[in-house]
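Any value given below was found using the heavy atoms of this structure, including those in side chains, with hydrogens, waters and symmetry copies removed.
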Amino acid sequence: MNDPQLATLEEQAYRTVVDDGLLDILLSFLFLGAGIAFLTDVNIPGTEIDAALVLFGVLAYPLWRVMRSRVIEPRVGYVRLSPERRARIESHKRTVVSLLVGFAVVIVIVSQIEAEWTRSLHSVRTIFGAVMIGIPVATAASLLRIRRWYGHAAILVVAAFVEYASGAPFGSGWLVSGAIVFVLGLLVLTAFLQRHSVTMEENGADV
Amino acid sequence: MSEPIPSPVAALQDIDRIVHEPARLMILSRLYVIEAADFVFLQQQTGLTRGNLSSHMSKLEDAGYVVVEKEFVDKKPRTLLRMTTEGRRAFEEYVGQMKPLMGLTTDPD
């Protein structure tokens with residue numbers, strides 16, 4: 001698409017799909033899930049982060065679909081982006097998922113190794129985990145061009161540092177960052193719906 | 001008698017009036033950059049009222065530039081509007097005709 005004005009229109013259509021705040025809310029579920037797993041010491045296949053990642057991986061897409069069809073599409077409508085754009089999104093999704101899986105594997109391996117350096121790493125495990133998840137989140141921000149996601153990655157890492165420095169219970173930083181991202185996601189969603197919604201009257205539906 | 005000199009302005013005589021109408025141009029440019037969309041999405045993107053959009057969609061459908069497709073998602077019907085190949089060609093041709101004309105309005109310096 002060479003015409004800059006058409007490219008702008010395409011970008012607007014793309015933003016109605018990825019920039020509605022739902023992905024932020026889903027991301028907050030990952031942070032909250034990890035925080036709850038840490039605090040309650042859930043340990044499904046190896047580490048708490050993996051438990052949260054597995055849950056997130058299984059639930060994220062169905063949740064996103066349900067939220068899109070129940071919350072967004074009745075108000076903003078449904079769009080099927082161009083095949084080129086969808087292929088790019090798929091490729092970005094694969095990159096981010098590969099990073100998440102890769103880091104999860106690293107975390108599992110590191111947690112299994114009995115050595116001095118892994119013991120010292122374990123003492124800063126909340127920060128280590130936050131960095132491991134923060135990198136894919138920042139990568140997603142770059143690939144999807146949603147700049148506030150850099151902020152989400154930063155919130156997670158800073159909250160983990162604060163948790164470590166203050167001696168707060170393991171996982172509390174994750175819970176706090178999850179709560180902050182959740183609220184931000186809700187604010188983005190509200191603003192998005194206010195900006196884009198077609199009123200019921202305009203839509204021809206009963207008022 | 002000499003033949004008229006071809007100019008970008010002369011090309012206006014051949015302009016596709018189905019595409020040229022502002023509301024339809026808005027609809028086509030939105031549909032051109034995506035694969036398909038439902039009625040609500042187009043309404044939201046163009047700012048047209050339901051009646052207005054419906055009337056223009058009928059004209060575009062009659063011209064063969066847009067097709068209306070129905071599909072079922074979770075047993076619920078969904079009506080999608082999609083630009084045809086002919087519609088894409090007409091839109092590209094229109095843009096090609098208008099660009100030189102727009103060039104006339106810019107300062108050559």
Side-chain angles (χ1 to χ4, degrees), chain A residues 1-22 61-90 189 191-207, chain B residues 19 22-55 57 66-83 85 87-88 91-100 102-103 106:
Chain A
M1 204 168 304
N2 297 324
D3 189 291
Q5 282 163 341
L6 288 176
T8 304
L9 293 183
E10 200 277 335
E11 178 76 14
Q12 284 174 4
Y14 164 71
R15 295 249 159 235
T16 63
V17 175
V18 299
D19 207 1
D20 54 11
L22 288 185
Y61 184 73
L63 257 176
W64 180 78
R65 273 295 338 141
V66 168
M67 287 158 87
R68 276 293 297 185
S69 64
R70 296 275 164 84
V71 181
I72 303 291
E73 285 165 11
R75 295 166 177 84
V76 181
Y78 170 81
V79 57
R80 191 171 296 155
L81 298 172
S82 66
E84 299 81 28
R85 175 65 87 171
R86 278 186 288 143
R88 248 181 296 161
I89 292 175
E90 274 306 308
L189 176 63
F192 177 86
L193 288 176
Q194 279 175 348
R195 207 168 49 243
H196 292 289
S197 285
V198 174
T199 65
M200 288 305 194
E201 196 171 10
E202 286 173 328
N203 196 10
D206 294 334
V207 284
Chain B
V19 182
R24 288 196 287 274
L25 185 57
M26 201 152 54
I27 296 166
L28 288 175
S29 57
R30 293 285 176 180
L31 281 176
Y32 183 77
V33 296
I34 58 171
E35 187 175 304
D38 68 5
F39 209 84
V40 177
F41 180 82
L42 276 180
Q43 227 187 310
Q44 178 266 316
Q45 291 274 300
T46 58
L48 295 170
T49 63
R50 189 175 177 82
N52 215 346
L53 179 59
S54 186
S55 135
M57 284 308 298
V66 167
V67 283
V68 179
E69 294 170 352
K70 289 207 187 288
E71 63 179 28
F72 283 85
V73 180
D74 299 330
K75 295 178 185 168
K76 287 180 196 157
R78 177 193 277 160
T79 306
L80 284 180
L81 309 159
R82 186 192 299 266
M83 208 167 176
T85 310
R88 286 183 179 274
F91 180 75
E92 283 162 7
E93 197 172 298
Y94 174 83
V95 172
Q97 283 172 315
M98 291 304 283
K99 265 193 178 155
M102 293 297 110
T106 58

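- A salt bridge between A:Arg15 and A:Glu11 is present, with a side-chain N of the basic residue lying under 4.0 Å from a carboxylate O of the acidic one.
- To the nearest 0.5 Å, the span separating OG on B:Ser29 from CD on B:Gln45 amounts to 10.0 Å.
- Taken to the nearest 0.5 Å, the OH atom of A:Tyr78 stands 14.5 Å off from the CD1 atom of A:Ile72.
- Within the 4.5 angstrom heavy-atom criterion, no atom of A:Arg85 approaches chain B.
- Distance CZ/B:Phe41 to OG1/B:Thr46: 10.0 Å, rounded to 0.5 Å.
- With a threshold of 4.5 angstrom between heavy atoms, A:Arg65 approaches chain B through side-chain atoms but not through N, CA, C or O.
- At a 4.5 Å heavy-atom cutoff, the contact between B:Leu80 and chain A is made by side-chain atoms alone.
- Of the atoms belonging to A:Thr16, it is side-chain heavy atoms, and not backbone ones, that fall under 4.5 Å from chain B.
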